[in-house]
Amino acid sequence: MSLASEVAKLPFQLTKRVSIEGLSALTLLRAGAFGFEPPQRLAQVLLAFQRNGPAGAALEVARRRHGTRTAIIDEQRSLSFDELEQRSQRLAVALRAAGFRDGDSVGLLCRNHAGLFEALFAAAKLGARTVLLNTDFGRDQLADVCTRERIGLLLHDEEFEPAAESVEADRYYTDGTGGSSIDALIRTAPATRLPRPTYGQQIVLLTSGTTGTPKGAAREFGISLAIPGGYLSRIPLRSQENVLVAVPVFHAWGLLSSVIALALADTLVLRRHARAAELADGLQRYGCDALVTVPIVLSRLLAELAENPRQLPALRVVAVSGSALEPDLARRARSVLGDVLYNLYGSTEVAYASIATPTDLAEAPGSVGKPPFGTTVRILDDSGAPAPAGTSGRIFVGSTLQFGGYTGGGSKEQVGGLMATGDLGHLDEHGRLWIDGRDDDMIVSGGENVFPGEVEHTLAAHPDVLEAAVVAVPDPEFGQRLRAFVVLRAGAALPAEELKAHVKQRLARFKVPRDVVFVPELPRNPAGKVVKRELPQG
């Protein structure tokens, strides 16, 4: 493309960017993130954004308007926004005094609790390269990832000490009050401010690792309102509410939702483990207005509420992401909780791509909704041309949110500024996106193409089936055949042949699983995704 044509596009690109930022500002205003602020307060927030990135700006916005409001409640303590600011500032001062320098890498290995956010905001004030580590890592995998990501400081929960010992880095506990804890650093640090860091905070999120070693996806953030604006345009969180976060904050979905909620001066209700009874109790006890979670946890919560009902009159938003939302689960949630369910589709690399509202899920169960403003979704065929509505192709996403490449090298494929998600899908006549499967997940059985997701949805629609996963196994006649792993609902007894007949009535003959294996549960990672390589072999 010529230089002249690129220059000619600049006015359009500038107009589009101004439009997105304007819409984002109006959306944040409606959500109550800010009012008509005096110029000096806006200047302070912009300065915080420049100094500490979006995480630092989120805390600054909230504490300047609602400093005494509770920011975080976990099982052991609570913190106001003022306290969170003061403690994270003191922690940053202590870590700088201990030798941490601008641009150094810090790893956070934490469950969901107040100490995680003290560490996260301290890292923002230090201009740290912040790597959010998976709490499911074993000793060797943790050591490998920390070496690759050049982590010189590891802040971790005390329960992970056996694995953390394998990491060659300075280490402090994020919980507890002993001499090796961040609490001890905070209590002894002076209440001074650090100079502006040379670098802005860079956050490294790790891919979920369902098919191998997780990759690091780095993000650097410019000054933009598009990230919270697009999210809030489809998921209506509002200021000064209580939000229970039942998804690991080390994943993109948990981090994004938590930071946006804090920017709104919402109170985060956190639990270290997403146990259904504890979540139901937390929703009731704190009168939560919103729940952020993953589909498998939502399914367990609905089962808990069916057995032990709770009064949840304030709950108006249940937002899920991280794995496929089965249409049957969406219907169950609507029956029990009302029209409160929102489903976000995205990835670590592209951030969010589309969000289904309660209306979308009622009118088109199984869809993942429409892109929020500022996000473009295209379905491209094998030649890179746009596919017609209703035709399956590769999903590409364009926005200001996509990552800049993997920390170990490489990136996702891009076409015309749009980035591949790695999934196949189609758009319907209303512009809603449907996920058909992974672009590397297609099964060829007897010359016919089968996407496991379609078969899994059909299996899960049987009233006796809780969930299902479908994989390919070698077959001497057909090359590959389908094997279904099925979890039945409590007390159900279902013959395999009856389940096959259920699929045969709804799908083509070649999509009926030849093998049905009943299992007590499906192996999942902390984001709720099924880890198919861990299913029984043979």
Under a 4.5 Å cut-off applied to non-hydrogen side-chain atoms, are [X] and [Y] in contact?
| X | Y | value |
| --- | --- | --- |
| His251 | Asn134 | yes |
| Glu467 | Ile296 | yes |
| Leu59 | Leu262 | no |
| Lys529 | Val531 | no |
| Leu312 | Gln284 | yes |
| Val455 | Pro513 | yes |
| Thr421 | Glu349 | no |
| Leu325 | Val368 | no |

With [X] via side chain to side chain donor-acceptor pair (under 3.5 Å) - residues at least two apart:
| X | result |
| --- | --- |
| Asp360 | Arg234, Thr357, Arg432 |
| Asp281 | Arg310 |
| Asp289 | none |

**Message:** Less than 4.0 angstrom from a charged side-chain N to a carboxylate O is my criterion; do Arg489 and Asp328 meet it?
**Reply:** yes

**Message:** Taking Arg275 first and then Glu304, would you say they form a salt bridge - that is, a charged N and a carboxylate O separated by under 4.0 Å?
**Reply:**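 Here Arg275 does not pair with Glu304 in a salt bridge, since their nearest N and O are not under 4.0 Å apart.
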
Does [X] have any salt bridge (Lys or Arg N to Asp or Glu O under 4.0 Å) partners at least two apart in sequence or in another chain, and if so, which?
| X | result |
| --- | --- |
| Arg394 | Glu413, Asp439 |
| Glu326 | none |
| Arg69 | none |
| Arg111 | Glu159 |

Can any side-chain N or O of [X] pair as donor or acceptor with the backbone N or O of [Y] at less than 3.5 Å?
| X | Y | result |
| --- | --- | --- |
| Ser299 | Pro295 | no |
| Ser239 | Leu264 | yes |
| Trp253 | Pro248 | no |
| Asn242 | Gly287 | no |
| Thr27 | Leu232 | no |
| Gln240 | Ala265 | no |

**Item:** Evaluation steps, side-chain hydrogen bond (donor to acceptor under 3.5 Å, both in side chains), between Ser321 and Tyr352
**Value:** CA-CA 10 Å; Ser321 186; Tyr352 53 72; over 6 Å; no

Which pairs, with at least one residue in [range] and sequence neighbours excluded, count as a salt bridge (charged side-chain N to carboxylate O under 4.0 Å, His left out)?
| range | result |
| --- | --- |
| residues 24-34 | none |
| residues 242-267 | none |
| residues 239-260 | Glu241-Arg316 |

**Message:** Holding to ring pair (Phe, Tyr, Trp, His ring centres under 6.0 Å), I want the full list of residues that pass it with Phe451, two or more places apart in sequence or in another chain.
**Reply:** none

**With His66 via ring pair (Phe, Tyr, Trp, His ring centres under 6.0 Å) - residues at least two apart** =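 His66 satisfies ring pair (Phe, Tyr, Trp, His ring centres under 6.0 Å) with no other residue.
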
**Message:** I need the minimum non-hydrogen distance between Gly216 and Glu149, along with the two atoms involved.
**Reply:** CA-OE2, 3.9 Å

**Message:** Using 30° and 60° as the class boundaries, would you call the ring planes of His462 and His502 parallel, tilted or perpendicular?
**Reply:**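 The arrangement is perpendicular - the two ring planes meet at more than 60°.
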
**Request:** Any chance you could measure Leu283, atom CG, to Leu244, atom CG, to the nearest 0.5 Å?
**Result:**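 Spacing of CG (Leu283) from CG (Leu244) equals 5.0 Å.
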
